[in-house]
> 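Questions regarding the structure given below will be posed in turn.
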Amino acid sequence: MRPGSALRGLLPGRDDYAALRTSWRTDLLAGVTVGVVALPLALAFGVSSGAGAAAGLVTAIVAGVVAAVLGGSHVQVSGPTGAMVVVLAPIVATHGTPAVAVVCLLAGALVVAAGVLRLGRLVGMVPWPVIEGFTLGIAVIILLQQVPAAVGVPAAGHDANAAVAAVQALGETTARDALWSVGVVAVVVAVMLLAPRVHRAVPGSLVAIALVTVVTAVAHLPVATIGALPAGLPAPAWPDVDLTTLAQLGGPAVTVAALAAIESLLSARVAASHSDTGPYDADRELVGQGLASVASGLFGGMPATGAIARTAVNVSSGARTRVAAVVHACVLLVVVGSLGGVVAHVPLAGLAGVLMVTAVRMVSVRGVRLVVRSTRAAAALFTLTALITISVDLVYAVGIGIAVAAALSLRTMVRAAGVHREELPGPRAAGDERIALFRVEGALFFAAAERVLDRVASIEGVSVVVLRLSQVQILDATGAQVLGELVTGLHRRGIAVLIKGIQPDHLGLARRVGALEALGDDHLFAGLDDAVAHARAIAAPAARPAATVGSPTA
């Protein structure tokens with residue numbers, strides 16, 4: 001593919017809106033529905049991250065539009081997410097709010113580069129137990145992050161670790177502060193749990209936030225609120241960046257970029273599997289999400305990712321094109337422009353309640369049960385990923401999870417590789433006791449080849465070894481080299497080696513590394529009967545001088 005055509009494949013086109021003529025009504029309705037659902041979440045994620053409610057709204061609006069237009073999914077909805085809050089909160093606590101814009105630009109650029117380099121499909125390397133593990137870990141961290149607001153204690157000044165900060169907040173609260181704040185949380189949780197029972201279309205989180213906002217404002221309850229919001233979108237501005245800042249924020253930006261890429265692609269994959277709007281383009285999705293984070297940072301927002309929950313609402317509401325996600329952003333823009341004064345009175349404890357319910361709903365009990373019941377290795381991998389996510393870092397957890405999964409898979413492949421001595425087919429003939437027939441199966445690669453072939457190399461009291469290689473699925477350069485050493489070693493001991501059924505691509509590799517130099521083509525056989533007949537001709541005392549007969553194959 002030419003570079004020009006490859007680049008054009010990452011850009012928007014008319015095909016993105018091919019279904020709009022027939023779907024614009026459902027797209028419009030879906031966009032309004034998602035906007036209503038996204039409003040309290042955008043506020044809550046902004047506050048919980050430390051960047052502020054306005055940053056959450058800006059991210060949902062600006063990144064929502066950019067990712068919808070430039071991304072690789074027709075129905076993905078992007079904005080601030082719980083997973084990003086988990087990563088961003090420690091960055092804000094350590095480097096301050098101004099660092100958010102710089103991280104947005106750096107992380108966005110990295111995600112764009114990943115898309116241009118066609119790395120989108122690498123998300124398929126993340127194993128299922130790792131995905132379930134870090135999802136559980138994220139949910140626990142989000143839940144812990146809400147404890148300060150839930151008990152009426154300002155989150156600022158606490159440890160960056162969510163568990164430690166939660167314990168600190170519980171130690172600092174007073175019965176009076178905790179009473180009102182916990183009451184607000186309880187009301188929000190109750191409304192969100194009961195709303196779906198009234199009707200599936202009722203936006204429980206929005207109703208809950210509206211209710212506690214009115215009650216706390218009318219009753220003048222002593223609870224902290226969001227505070228004043230800007231009347232509209234701020235003007236774009238380039239953050240102050242110097243080499244020292246870049247050095248300090250380079251590592252956090254890589255973490256944010258990795259999370260943005262993983263979560264966005266997972267969300268897009270889930271959306272594609274639950275809708276009939278066509279497949280998603282993983283590389284274009286990375287480019288769109290990266291540019292969305294860059295744009296969000298310029299307008300004072302947070303790094304953005306695809307939001308699985310909002311995307312699911314979009315799909316279930318009948319969205320067919322990107323217009324739905326754009327409408328969702330427009331709904332939020334109207335709220336910022338006309339209802340900022342009302343939103344300012346939303347209690348922080350109410351948003352904490354919304355995120356607590358959201359965190360619990362993130363975890364699929366069925367998915368966890370299936371992982372734990374599948375295999376011991378999967379259960380261990382799931383548990384390890386969850387614990388590292390909670391105690392250390394999400395991206396470290398994913399990286400370690402993938403590494404452990406690779407090691408477990410390697411161990412499985414090693415165990416599957418083996419060699420078995422078999423009886424010769426057909427009636428027994430003179431000299432058969434001097435023939436050893438081995439069936440080699442599995443993978444002959446760097447981790448298993450020497451162990452597997454050592455049994456053949458240690459054979460005694462025979463003059464011919466027949467190797468059945470038709471059931472070898474994998475042969476790498478190391479395996480071919482060990483096979484060559486085996487053949488050479490047996491020849492030095494006066495033992496003839498015949499190879500049956502080696503696959504054509506394996507044969508080519510074996511010849512390239514010189515593994516078959518000690519053999520002639522007359523020692524390679526396609527059929528077992530021909531190989532055994534040739535072996536008997538060699539092993540039978542009377543036939544030894546005529547050991548060149550046989551039915552070779554390439």
> Taking the side chain as every heavy atom from C-beta outward, state whether Leu486 and Leu467 have any atom pair closer than 4.5 Å.
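Side-chain contact under 4.5 Å: yes.
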> At what distance, to the nearest 0.5 angstrom, does CG of Leu41 lie from OG1 of Thr358?
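OG1 of Thr358 is found 5.0 Å from CG of Leu41.
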> Per the salt bridge (charged side-chain N to carboxylate O under 4.0 Å, His left out) rule, what does the pair list look like for residues 398-414, sequence neighbours excluded?
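Sorted result for residues 398-414: empty, none.
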> How about Val482 and Leu444: do any of their side-chain heavy atoms sit closer than 4.5 Å?
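Result no, sub-4.5 Å side-chain heavy-atom pair not found.
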> Give me each pair satisfying side-chain hydrogen bond (donor to acceptor under 3.5 Å, both in side chains) with a member in residues 254-264, each pair once, sequence neighbours excluded.
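Qualifying pairs: Thr81-Glu263, Glu263-Thr305.
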> Rounded at 0.5 Å granularity, tell me how far CG in Leu498 sits from CG in Leu519.
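One finds 8.0 Å between CG of Leu498 and CG of Leu519.
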> Between Asp530 and Gly527 (side chain of the first, backbone of the second, donor and acceptor by atom type, cut-off under 3.5 Å), is there such a pair?
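Answer holds: no.
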> Treating Asn314 as the side-chain partner and Ala319 as the backbone partner, does any N or O pair qualify as donor plus acceptor under 3.5 Å?
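Pair absent, no side-chain N/O of Asn314 close to backbone of Ala319.
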> For a quick test of your reading: what N or O donor-acceptor pairs under 3.5 Å do the side chains of residues 360-367 make, sequence neighbours left out?
residue: Arg361; atom: NH2; partner: Met192; partner atom: O; Å: 2.9
residue: Ser364; atom: OG; partner: Gly367; partner atom: N; Å: 3.0

> Quick check: do Leu384 and Val404 have side-chain heavy atoms less than 4.5 Å from each other?
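The answer is yes; the side chains approach within 4.5 Å.
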> When you look at Asp16 and Arg284, which way does the salt bridge (charged side-chain N to carboxylate O under 4.0 Å, His left out) test go after all the steps?
CA-CA 12 Å; Asp16 295 342; Arg284 182 178 166 186; 2.7 Å; yes
> Would you tell me whether Ser73 and Glu285 have side-chain atoms, one donor and one acceptor, within less than 3.5 Å of each other?
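Looking only at side-chain atoms, Glu285 and Ser73 do not form any donor-acceptor pair under 3.5 Å.
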> Answer yes or no: are there more than 12 heavy-atom neighbours, outside Tyr396 itself, under 6.0 Å from its atom OH?
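Not more than 12 within 6.0 Å, no.
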> With Arg322 as the cation and Tyr280 as the aromatic partner, state whether NZ or CZ is under 6.0 Å from the six-membered ring centre and within 45° of the axis.
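Verdict for Tyr280: no cation-pi partner in Arg322.
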> Within a radius of less than 6.0 Å around CD of Glu517, do more than 12 heavy atoms belonging to other residues, nucleotides or ligands occur?
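Not more than 12 within 6.0 Å, no.
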> Please report the shortest heavy-atom distance between Ser275 and Val315, naming the atom on each side.
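Result for this residue pair: CB-CG1, 3.9 Å.
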> Roughly how far, to the nearest 0.5 Å, is CG of Leu490 from CD of Glu485?
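Reported to 0.5 Å precision, the distance equals 11.5 Å.
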> Is a side-chain N or O of Ser296 found less than 3.5 angstrom from the main chain of Ala292, in a donor-acceptor match?
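Side chain of Ser296 to backbone of Ala292, a donor-acceptor pair under 3.5 Å: no, none is there.
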> Under the side chain to side chain contact (heavy atoms under 4.5 Å, CB included) criterion, do Leu509 and Leu475 qualify, and how do the steps go?
CA-CA 8 Å; Leu509 173 61; Leu475 180 71; 4.3 Å; yes
> Who passes side chain to side chain donor-acceptor pair (under 3.5 Å) against Asp432, sequence neighbours left out?
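Here the qualifying residues are Arg536.
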> Could you measure the distance from the CG atom of Leu516 to the CG atom of Leu524? Nearest 0.5 Å is fine.
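So the CG of Leu516 and the CG of Leu524 are separated by 6.0 Å.
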> Step by step, would you call Thr94 with Gln248 a side chain to side chain contact (heavy atoms under 4.5 Å, CB included)?
CA-CA 10 Å; Thr94 304; Gln248 292 176 342; over 6 Å; no
> Under the rule for salt bridge (Lys or Arg N to Asp or Glu O under 4.0 Å), what residues qualify as partners of Asp283, not counting sequence neighbours?
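Asp283: salt bridge (Lys or Arg N to Asp or Glu O under 4.0 Å) contacts with Arg118.
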> Okay, side chain of Ser316, backbone of Val313: is any donor-acceptor separation there less than 3.5 Å?
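Yes, because the side chain of Ser316 sits within donor-acceptor range (under 3.5 Å) of the backbone of Val313.
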> Going by heavy atoms in the side chains, are Val466 and Phe438 under 4.5 Å from each other?
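A side-chain contact under 4.5 Å is absent here.
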> Could you go through the side chain to side chain contact (heavy atoms under 4.5 Å, CB included) check for Phe134 and Ile262 one step at a time?
CA-CA 11 Å; Phe134 83 67; Ile262 292 172; 4.1 Å; yes
> With a 6.0 Å cut-off (strictly less than), is the heavy-atom count around CG of Leu117, excluding the residue itself, greater than 12?
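More than 12 heavy atoms, drawn from other residues, nucleotides or ligands, come within 6.0 Å of this atom.
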> Per the side-chain hydrogen bond (donor to acceptor under 3.5 Å, both in side chains) rule, what does the pair list look like for residues 438-451, sequence neighbours excluded?
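Counting only pairs at least two positions apart or across chains, the side-chain hydrogen bond (donor to acceptor under 3.5 Å, both in side chains) contacts touching residues 438-451 are His420-Glu441, Glu422-Arg439, Arg439-Glu441.
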> Return the set of residues passing side chain to side chain contact (heavy atoms under 4.5 Å, CB included) with Ile308 (not counting sequence neighbours), or none when no residue passes.
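Once residues adjacent in sequence are excluded, the partners of Ile308 under the side chain to side chain contact (heavy atoms under 4.5 Å, CB included) criterion are Ser267.
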> I'd like to know if the side chain of Gln289 reaches the main chain of Val287, judged simply by a donor and an acceptor atom lying under 3.5 Å from each other, with no hydrogens or angles considered.
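Checking the backbone N and O of Val287 against the side chain of Gln289, no donor-acceptor pair under 3.5 Å is found.
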> OG1 of Thr59 to CG of Leu88: how many Å apart, nearest 0.5 Å?
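The distance works out to 9.0 Å.
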> Side-chain contact, heavy-atom cut-off 4.5 Å: His523 with Val497?
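Contact flag for His523/Val497 side chains = no.
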> Which atoms form the tightest heavy-atom contact between Asp529 and Pro425, and what is the distance?
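Residues Asp529 and Pro425, closest heavy atoms: OD1-CG, 4.4 Å.
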> Give the C-alpha distance, both sets of side-chain angles, the deciding distance and a yes or no for side chain to side chain contact (heavy atoms under 4.5 Å, CB included) between Phe446 and Leu410.
CA-CA 10 Å; Phe446 67 93; Leu410 196 65; 4.0 Å; yes
> Residues two or more places apart in sequence or in another chain: which of them pass side chain to side chain donor-acceptor pair (under 3.5 Å) with Ser23?
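Applying side chain to side chain donor-acceptor pair (under 3.5 Å) to Ser23 gives Asp27.
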> Working to the nearest 0.5 angstrom, can you tell me the gap between Leu483 CG and Ile499 CD1?
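Atom-to-atom, Leu483:CG and Ile499:CD1 are 5.0 Å apart.
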> Taking the side chain from His491 and the backbone from Thr488, do they hold a donor-acceptor pair closer than 3.5 Å?
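Judged by distance alone, no pair lies under 3.5 Å.
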> Within the 4.5 Å heavy-atom criterion, are Ile495 and Val464 side-chain neighbours or not?
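The answer is no; the side chains never approach within 4.5 Å.
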> Flag the pair Leu453 / Val419 as yes when at least one side-chain heavy-atom distance between them is below 4.5 Å, and no otherwise.
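No, too far: nothing below the 4.5 Å cut-off.
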> Among pairs that include at least one residue of residues 496-510, which meet side-chain hydrogen bond (donor to acceptor under 3.5 Å, both in side chains), considering only residues two or more places apart or in two chains?
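Passing the test, one end in residues 496-510: Ser470-Lys500.
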> Taking all atoms of both residues into account, what is the closest heavy-atom pair of Gly401 and Thr385, and its distance?
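Reported closest heavy-atom pair: CA-OG1, 4.0 Å.
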> Is a donor on one side and an acceptor on the other found under 3.5 Å between the side chain of Ser293 and the backbone of Gly290?
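Absent.
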> Given side chains that start at C-beta, do those of Val130 and Phe382 come closer than 4.5 Å, heavy atoms only?
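SC-SC contact between Val130 and Phe382 ruled out.
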> What heavy-atom pair brings Ala109 and Val294 nearest, and what distance separates the two atoms?
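Minimum heavy-atom separation between Ala109 and Val294: N-CG2, 4.0 Å.
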> For Ile91 versus Pro252, what's the shortest heavy-atom pair and its separation?
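Closest approach of Ile91 to Pro252, heavy atoms only: CD1-CB, 3.5 Å.
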> Determine which pairs satisfy side-chain hydrogen bond (donor to acceptor under 3.5 Å, both in side chains) with at least one residue from residues 130-141, sequence neighbours left out, and list them in order.
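Found Trp128-Glu132.
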> For Thr389, check side chain to side chain donor-acceptor pair (under 3.5 Å) against everything at least two apart and list the hits.
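With neighbours one apart ignored, the set is empty.
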> What closest approach, in Å, do Ala271 and Val75 show between heavy atoms, and which atom pair accounts for it?
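The answer is CB-CG2, 3.9 Å.
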> Tell me every residue that passes side chain to side chain donor-acceptor pair (under 3.5 Å) with Arg310, counting only those two or more places apart in sequence or in another chain.
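Residues passing side chain to side chain donor-acceptor pair (under 3.5 Å) with Arg310: none at all.
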